[in-house]
2 protein chains.
Amino acid sequence: MINDIIFLLLKKGAHREPVRMTTSEIANAINKSQQTASRELIMLENEGLLERRKSTVKLTEKAVKQAENICIALRAALNAAGEIKFSGALVTGLKEGRYYLSQDGYVSQIKEKLGFSPFPGTLNIQIPASQIEKRLELRAREGIRIGGFESAGREFGPMKAYKCRINHTQAAIVFPERSHHGLNVLEIIAPLNLRTHLKIKDGDTVHCEVF
Amino acid sequence: MINDIIFLLLKKGAHREPVRMTTSEIANAINKSQQTASRELIMLENEGLLERRKSTVKLTEKAVKQAENICIALRAALNAAGEIKFSGALVTGLKEGRYYLSQDGYVSQIKEKLGFSPFPGTLNIQIPASQIEKRLELRAREGIRIGGFESAGREFGPMKAYKCRINHTQAAIVFPERSHHGLNVLEIIAPLNLRTHLKIKDGDTVHCEVF
DNA sequence: ATTACTAATTCACGAGTAA
DNA sequence: TTTACTCGTGAATTAGTAA
C-alpha cells in the first residue's frame with residue numbers, strides 16, 4: 001500500500017530537502033533490521049522514489065505524487081460516507097450563468113451526464129462559514145466531470161457536478177474549475193427556472209441535499 | 001502501514017454499513033489468494049478492526065479512526081512544506097479570552113510550551129473564505145497541545161496552538177477544541193496587548209505568519 | 001563509524017482439501 | 001457454494017561480516 005520508509009521520510013521532511021539519516025536510524029524507526037532498511041533503500045532508489053548522497057536521503061517528485069494520490073484516495077473513501085446537506089440564502093449572481101449555460105458544449109454534456117437539459121441560468125446559494133468544510137468535503141468526492149471546450153475563440157473551462165435536490169426538486173451543484181465565486185457560494189443548475197418554479201426570491205433560505 | 005483489505009473495504013463503504021463480500025472476491029480485489037484473504041480477515045477480526053456476519057463485512061470504529069489518523073498524518077506531512085500566512089480584519093470577540101487566559105491551568109502551560117506569559121485577552125482576526133482551506137490545513141498539522149483541566153468545578157477544554165508572528169510580533173494562533181467561533185475567525189494570543197502595542201483597531205488588516 | 005553482501009532463518013503465501 | 005484448516009514452498013527478514 002504505502003511504504004513505511006517513504007512515510008517516515010515524508011514526516012522528516014525529506015521531500016523538501018535532503019535529510020541526514022543512517023540505515024540504522026531508519027531501521028529503528030520502522031522496527032526492522034538495519035539490513036532490511038539498507039535493502040529497501042536500494043530498491044526504492046532503483047524505483048526512482050528517492051535519491052541518496054553520502055548518508056542523506058531525499059524523496060523524489062515521483063514519491064510525493066504517489067503519496068498524494070494515496071492521501072486523496074483515502075480521504076475520498078473516508079468521506080464518501082455521510083450525506084451532505086447545505087442550506088443558505090438565495091443570492092443574485094453575476095448573470096454569467098445564462099451565457100455559459102447557453103453554450104452547446106456544456107448543454108450537450110449536461111444532458112448526457114446529468115440527464116436533463118439545463119435552464120439557462122444558475123441559482124446561487126450563499127452558505128454560512130460553518131458549511132464550508134462540507135463544501136470542501138463534497139468537492140473531494142468523485143463527482144461528474146463536465147469537460148472544458150473551445151468555442152468561437154473563447155475557452156470554456158471544465159467543471160465538476162454533483163446531483164442534488166433543491167427543496168426536493170432535481171438539480172445539480174456545479175464547481176467550475178476556475179470559479180469567480182468564493183467558497184461561500186454554491187452554483188446550482190436545474191432543468192427549469194427554480195426561482196419561478198419554487199417561488200423563491202433573494203434572501204429566502206434554500207435547502208440543498210446531495211445524493 | 002495501511003492494510004490493503006481495510007483500504008478496499010473503505011472504498012466499498014464498509015464503514016457505513018455491512019458490505020456483502022466473499023473471501024474470494026476480496027482476494028481477487030487485492031491480488032492475493034482466497035486463503036490469504038481468509039487468514040487476513042480472521043486477523044483483522046481478532047484485532048477488532050472489523051466484524052463479520054454471514055459473509056458481510058463491516059469496519060469498526062477503530063479501523064476508521066486508524067485510517068483517519070493515517071490520512072491526517074499523510075496530509076500534514078505532505079503539506080508541512082509550504083508556509084502558511086493569513087491576513088484579515090481585526091474584530092472584537094466575545095471578551096471571553098480575558099477570562100480563559102487568566103486561568104492558571106492555561107497560563108502555566110502556555111509559559112512552558114510556547115515560551116511566553118500570555119496577555120489576558122485574545123486578538124480575533126476575521127479571515128476571508130478564500131483562506132479557510134489554509135486554516136484547515138494548519139489545523140491538520142501537528143501543533144502544540146495545551147491540555148484541558150478542571151478548576152472551580154468548571155471544565156476548561158484542550159486546545160492546539162501554533163507559533164506565529166502578527167505584523168512581525170511573536171504570538172500564537174490557538175484553536176480551542178470546542179470553539180464558539182466559526183471557521184472564519186482566528187484567535188491569537190501573545191505576550192502583550194497587541195492592540196496597543198501594534199496600534200491597531202477594529203477593521204484594520206492584520207497579517208499572520210505561521211512558522 | 002556506515003553500508004551492503006551472503007547465508008541462515010522465519011514467516012507469509014497458496015495448493016489442496018475438509019467442514 | 002463459502003470458509004478456514006494443514007502443510008510444502010519460497011520470499012522476506014535478520015545474523016554475521018566484509019568492505
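Lettering of chains follows the sequences in order, A, B, ..., and the numbering in each one begins at 1.
Residue A/Q35 places a side-chain atom within donor-acceptor reach of the base of D/dG16, judged by atom type and a 3.5 Å distance cut-off alone.
Counting any heavy atom pair closer than 4.0 Å across all strands shown, B/I42 reaches sugar-phosphate atoms only and no base atom. Using a 4.0 Å heavy-atom cutoff across all strands shown, B/S38 reaches at least one base atom of the nucleic acid. Nucleic acid contact for A/T22: sugar-phosphate only, since backbone atoms but no base atoms lie under 4.0 Å from a heavy atom of the residue.
As the counterpart of C/dA1, no nucleotide is assigned, since no Watson-Crick or G-U wobble pattern has both distances under 3.5 Å.
Taking the centre and axis of the six-membered ring of A/F116, the NZ or CZ atom of A/K111 falls outside the cone set by 45° and 6.0 Å.
Ionic pairing of A/K12 and A/E25 is not present here: no N-O contact between side-chain nitrogen and carboxylate oxygen is shorter than 4.0 angstrom. By the 4.0 Å N-to-carboxylate-O rule, A/E17 lies too far from A/K58 to be salt-bridged with it.
Between D/dA12 and A/R39, no contact under 4.0 Å exists linking OP1 or OP2 to a side-chain N or O. In this model, the phosphate group of D/dT13 is not approached by any side-chain N or O of A/T36 to a distance below 4.0 Å at OP1 or OP2. The phosphate of C/dT3 (OP1 or OP2) has a side-chain N or O of A/T23 nearer than 4.0 angstrom. In terms of phosphate contacts, B/K32 brings a side-chain nitrogen or oxygen within less than 4.0 Å of OP1 or OP2 of C/dC13. For the pair B/R52 and D/dA4, the criterion of a side-chain N or O lying under 4.0 Å from OP1 or OP2 is met.
Around the NZ atom of A/K113, the shell of radius 6.0 Å holds more than 12 heavy atoms that belong to other residues, nucleotides or ligands.
For the pair A/Q34 CD and C/dT2 C1', the interatomic distance rounds to 8 Å; values are reported in whole Å.
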